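No experiment lies behind these values; they were computed from the predicted model shown. Below, chain A is the first sequence line, B the second, and so on; all start at residue 1.
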Amino acid sequence: MKKFADRLIKWGIKEGRTALPWKDKINGSYDPYKIWVSEMMLQQTRLSAVLPKFNQFIRRFPDVEKLASSTLEDVIQVWAGLGYYRRARNLHEGAKIIVKERGKVFPKNAADWKTIPGIGMSTAAAISSFVNGEKVALLDANVCRVLCRRYCLENTNSRVKEKAQLMQLATNLLPKKKSEMAQYSQYIMDLGAIVCKATQPACYKCPVSEDCKSFNSEAVDLYPKKVKLTRREKQITWVLTMDRDLILLERQNKEELWKSLLVPATELQIKGNFPLPRKIFLRSYRVKVSNCDLTVNVWKRKCIFDTLKLTTHHRIVNKIMIRKVPVPRLLEKVLKDFDFWSDAS
DNA sequence: CTCCGGATGG
DNA sequence: CCATCCGGAG
């Protein structure tokens with residue numbers, strides 16, 4: 001029987017994800033900047049969502065210096081719609097660190113990558129195995145699932161001890177040659193994403209099923225054991241403050257949902273002693289956002305903006321400009337529902 | 001350790 | 001409509 005790594009790589013060359021836009025080789029190696037950006041985007045986010053964003057991002061910020069010298073607002077604007085906006089803030093922060101404190105030199109190993117904001121064990125291992133061919137085991141959710149099935153491990157709640165055990169097993173499977181690390185890391189994640197999927201695994205096309213313990217005992221569905229996540233109820237109110245064809249937004253700066261994006265302005269101050277015009281209820285939305293079941297009650301209030309006390313974090317936009325500012329996907333939907341979103345290109 | 005943060009595709 | 005996908009703060 002051929003070794004695990006050999007069978008995996010042979011499979012990957014045919015069925016794995018090749019031709020990724022961040023994997024163009026220059027002088028035989030990958031651009032660490034592009035690999036870094038892509039891995040940050042790929043945290044918690046599927047490839048299909050990342051692909052168009054990555055291209056936009058690189059067009060706007062072609063290298064680490066451009067990213068470091070841009071404003072956070074610009075970075076967030078490109079990131080808008082991807083979710084988990086802390087990643088964008090971390091990326092911007094990391095770019096400044098690499099340019100200002102590290103002489104534009106990227107970390108050379110996983111341990112050093114881990115000191116960059118937003119980089120943990122998985123991302124550090126992914127980047128370093130791609131860029132430096134470092135022989136470090138990569139344990140993201142995909143790899144974790146592959147190994148749990150291979151060795152019949154439930155991995156309930158992924159406790160520290162189980163993590164260590166998986167890390168040991170993952171390390172044992174690594175290829176001997178450093179030159180195979182980049183392919184190996186990519187393809188073991190691809191195997192998890194394409195074949196050894198969370199639901200409906202396609203074992204019939206798995207290159208390593210012959211020594212997969214759960215496959216051989218017809219118990220693939222038992223591993224890893226699924227843990228149900230608890231969602232919390234949450235309610236928020238959005239008041240769309242409108243002045244003719246303009247809407248008033250403000251930057252979300254609190255540690256909350258959509259931090260650093262623009263959301264409908266709250267707590268309006270009016271100049272002088274006049275009451276605010278009354279608001280009328282539009283409708284409510286039920287959505288699952290992050291780990292909460294969210295109810296958003298949407299109101300509308302017509303108002304003359306000249307009568308309001310505005311600050312620097314307020315933004316006034318019309319229905320053309322709205323497409324060029326960073327708003328949550330949900331707000332985009334709401335505004336489209338109420339015809340405040342121009343379809344003109 | 002536990003909890004939190006967004007959006008999507010099947 | 002449910003499952004999925006990492007890192008860090010507390």
Practice item. Using a strict cut-off of less than 4.0 Å between a Lys/Arg side-chain nitrogen and an Asp/Glu carboxylate oxygen, indicate whether A:D211 and A:R7 qualify as a salt bridge. Key: yes

Practice item. Could you check A:N90 against A:G192 and say which one's nearest nucleotide on DNA chain C is further toward the 5' end? Key: A:G192

**Study point:** Proximity to the side chain of A:T199 - top-ranked nucleotide from B:dG5, C:dA3, C:dC5
**Key:** C:dA3

Review point. How many Å lie between OH on A:Y84 and C1' on C:dA9, as a whole number?
Key: 16 Å

Review point. Counting side-chain heavy atoms from CB outward, which of B:dG5, C:dC6, C:dT4 is closest to A:S290?
Key: B:dG5

Review point. Given the side-chain rings of A:W238 and A:W258, with only the six-membered ring counted for Trp, is the space between their centroids under 6.0 Å?
Key: yes

**Study point:** Selection from C:dT4, C:dC6, B:dG6 that lies nearest to any side-chain heavy atom of A:R231
**Key:** C:dT4

Practice item. Considering just the side-chain nitrogens and oxygens of A:R46, establish if one lies under 4.0 Å of OP1 or OP2 belonging to B:dA7. Key: no

Exercise for review: Provide, to the nearest angstrom, the distance between the CG atom belonging to A:L294 and the P atom belonging to C:dC1.
Suggested key: 15 Å

Check your understanding: Between A:R145 (CZ) and C:dC5 (P), how many Å, whole number?
Key -> 5 Å

Exercise for review: Under 4.0 Å between any heavy atoms, over every strand shown, what does A:K288 touch: base, sugar-phosphate, or nothing? Just pick one.
Suggested key: base

Check your understanding: Among the nucleotides C:dC6, C:dA3, B:dG6, which one has an atom lying closest to any side-chain atom of A:Y85?
Key -> B:dG6

Point to revise | Any A:N291 side-chain N or O less than 4.0 Å from OP1/OP2 of B:dC3 | key: no

Check your understanding: Which part of the nucleic acid does A:A49 contact within heavy-atom distance under 4.0 Å: base, sugar-phosphate only, or nothing?
Key -> nothing

Check your understanding: For the pair made of CD in A:E332 and P in B:dG6, what is the distance, rounded to whole Å?
Key -> 16 Å

**Study point:** Sugar-phosphate only, base, or nothing, as touched by A:E256 at under 4.0 Å among non-hydrogen atoms
**Key:** sugar-phosphate

Review point. Rounded to whole angstrom units, what separation is found between the CZ atom of A:R87 and the C1' atom of B:dG5?
Key: 10 Å

Review point. Considering heavy-atom distances to DNA chain B, does A:L257 or A:K161 have its closest nucleotide positioned more toward the 5' end?
Key: A:K161

Exercise for review: Look at the side-chain N and O atoms of A:K234 and state whether any lies under 4.0 Å from the OP1 or OP2 oxygen of B:dC3.
Suggested key: no

Revision key, fill the gap. Among C:dC6, B:dG5, B:dT8, the one nearest any side-chain atom of A:D140 is C:dC6

**Study point:** Atom pair distance, as rounded to whole Å: CG in A:L262 and C1' in B:dG6
**Key:** 16 Å

Exercise for review: In whole angstrom, give the distance that lies between atom CG of A:L82 and atom P of C:dC5.
Suggested key: 17 Å

Review point. Does the side chain of A:W79 get closer than 4.0 angstrom to OP1 or OP2 of B:dG6 through an N or O atom?
Key: no

**Study point:** Whole angstrom value for the distance that separates P of B:dC3 from CZ of A:R86
**Key:** 17 Å

Exercise for review: Any pair with a residue in residues 65-79 of chain A that passes salt bridge (charged side-chain N to carboxylate O under 4.0 Å, His left out), sequence neighbours left out, goes on the list, sorted by first then second residue, please.
Suggested key: A:R60-A:D74, A:E65-A:K104, A:E73-A:R251

Study note, to complete from the structure: A:K226 meets the salt bridge (Lys or Arg N to Asp or Glu O under 4.0 Å) criterion, sequence neighbours left out, with none

Point to revise | A:R301 side chain to A:T241 backbone, donor-acceptor under 3.5 Å | key: no

Practice item. Remember a base hit wins even if backbone is also touched, and classify A:Q43 as base, sugar-phosphate or nothing at under 4.0 Å, heavy atoms. Key: sugar-phosphate

Practice item. Might you point out which heavy atoms bring A:P328 and A:L262 nearest each other, and give the distance in Å? Key: CD-O, 3.3 Å

